[in-house]
Amino acid sequence: MSIIIGKKRHLMLQRKEDLSHNIRYISKVPVKIVMDREFLTVHPDDPLTVLVSKFTSEETSAIVIDKEGKLLGFITMKDLLQFFTTPRRCSVVGLGLLKKYTITRASRVEDIMVTKPITIHIEDNLGHAIKLMIETGKHHLPVIDDEKKVHGLLEVNDIIRLIRIVTL
């Protein structure tokens, strides 16, 4: 009986060691290998109706770019939903807050986009990306180069997909 328990424990320890090695490997993988190269883009002057129509169950974020493909902003479904909540009771109402709740059919992407999104450089590795995601709570990171040209989008799902491949 003790031989079987010992063998079982040995296999569990071996599996844990293999998993630990795989996780160390994942942190060294370049972002450009894992990122999604096909991502949703919009322009700042696009109406919100265009943005909403482009969001699907697979597309939950959009990168706002200029004509040269440079990053101007970022928006997620969560960002969009915040504009459909009512102001909290007893909140201090300033001009910025009033502006927030005046979304109309004439509103544009630039009215609600995050203008300074958290990004990751195309030459960074997944270890840095994972750390950044954990520290900031962000699930989507636009991948840019030194000139702020967007090359892709790194999402938590992309990292989880890699972990599944490596650990199976």
Side-chain angles (χ1 to χ4, degrees), residues 7-84 107-168:
K7 236 181 181 179
K8 197 174 197 180
R9 182 177 168 134
H10 176 72
L11 287 172
M12 285 175 50
L13 289 173
Q14 183 65 37
R15 185 175 287 160
K16 187 176 180 180
E17 187 178 311
D18 290 345
L19 185 59
S20 174
H21 172 73
N22 290 341
I23 290 171
R24 275 186 259 129
Y25 165 75
I26 287 170
S27 69
K28 294 178 183 177
V29 172
V31 167
K32 60 185 165 190
I33 292 176
V34 182
M35 70 181 188
D36 191 358
R37 295 178 194 282
E38 294 179 21
F39 48 92
L40 180 59
T41 60
V42 290
H43 296 281
D45 55 343
D46 286 347
L48 284 183
T49 53
V50 170
L51 174 66
V52 171
S53 68
K54 288 184 175 183
F55 276 149
T56 64
S57 60
E58 294 174 11
E59 299 291 345
T60 60
S61 62
I63 299 176
V64 185
I65 57 170
D66 63 11
K67 292 177 183 173
E68 289 91 38
K70 292 185 180 180
L71 179 70
L72 296 175
F74 190 70
I75 188 160
T76 64
M77 281 187 181
K78 186 177 176 183
D79 297 328
L80 183 63
L81 288 176
Q82 288 178 359
F83 289 92
F84 294 97
S107 297
R108 305 263 176 234
V109 169
E110 66 188 343
D111 297 332
I112 65 169
M113 71 182 188
V114 175
T115 55
K116 293 182 181 178
I118 296 169
T119 61
I120 189 101
H121 194 273
I122 192 161
E123 297 301 326
D124 284 338
N125 59 35
L126 285 184
H128 179 68
I130 292 168
K131 182 179 177 191
L132 193 60
M133 286 177 166
I134 290 170
E135 289 174 354
T136 62
K138 301 296 180 190
H139 298 148
H140 310 79
L141 299 175
V143 182
I144 60 170
D145 61 17
D146 294 330
E147 287 83 39
K148 288 195 167 188
K149 186 171 189 312
V150 180
H151 292 269
L153 178 65
L154 182 67
E155 298 182 27
V156 171
N157 293 341
D158 301 324
I159 298 169
I160 297 299
R161 191 176 309 116
L162 179 65
I163 290 171
R164 282 186 190 135
I165 291 168
V166 172
T167 57
L168 291 178

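Between the CE atom of M113 and the CG atom of L51 there is a distance of 11.5 Å, given to the nearest 0.5 Å. Note that CD of E155 and CG of D36 are 6.5 Å apart. Values are rounded to the nearest 0.5 Å. The structure places CD1 of I122 at 4.5 Å from NE2 of H151, a figure rounded to the nearest 0.5 Å. The distance from the CG atom of L154 to the OG1 atom of T119 is 11.5 Å, given to the nearest 0.5 Å. In this structure, CG in L71 is found 10.5 Å from CG in D145, a value given to the nearest 0.5 Å. Rounded to the nearest 0.5 Å, atoms CD1 (I144) and CD1 (I65) are 13.5 Å apart.
The heavy-atom pair separating A62 from V42 by the smallest distance is CB-CG2, 4.1 Å. When every heavy atom of F55 is checked against every heavy atom of T76, the shortest pair comes out as CZ-C, 4.0 Å. Of all heavy-atom pairs between I63 and P142, the closest is CD1-CB, 4.1 Å. Taking each heavy atom of F39 and G152 in turn, the nearest pair found is CE2-CA, 3.4 Å.
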Does V64 form a side chain to side chain contact (heavy atoms under 4.5 Å, CB included) with H43? I'd like the steps, not just the answer. CA-CA 5 Å; V64 185; H43 296 281; 5.8 Å; no
One pair to check against salt bridge (Lys or Arg N to Asp or Glu O under 4.0 Å): D111 and R108. What are the steps and the verdict? CA-CA 5 Å; D111 297 332; R108 305 263 176 234; over 6 Å; no
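Side-chain atoms of K32 and V143, non-hydrogen and from C-beta on, never get closer than 4.5 Å to each other. The shortest distance between side-chain heavy atoms of E110 and L72 does not fall below 4.5 Å. The closest side-chain heavy-atom distance from V31 to L141 is not below 4.5 Å. Proximity of L153 to H140: side-chain heavy atoms (C-beta onward) are separated by under 4.5 Å at one or more points. No side-chain heavy atom of D79 sits under 4.5 Å from any side-chain heavy atom of I112. Looking only at side-chain heavy atoms (C-beta outward), I130 and M133 stay at 4.5 Å or farther from each other.
Around the NZ atom of K78, the shell of radius 6.0 Å holds no more than 12 heavy atoms that belong to other residues, nucleotides or ligands.
In this model, no donor atom of one side chain and acceptor atom of the other lie less than 3.5 Å apart for H139 and S61.
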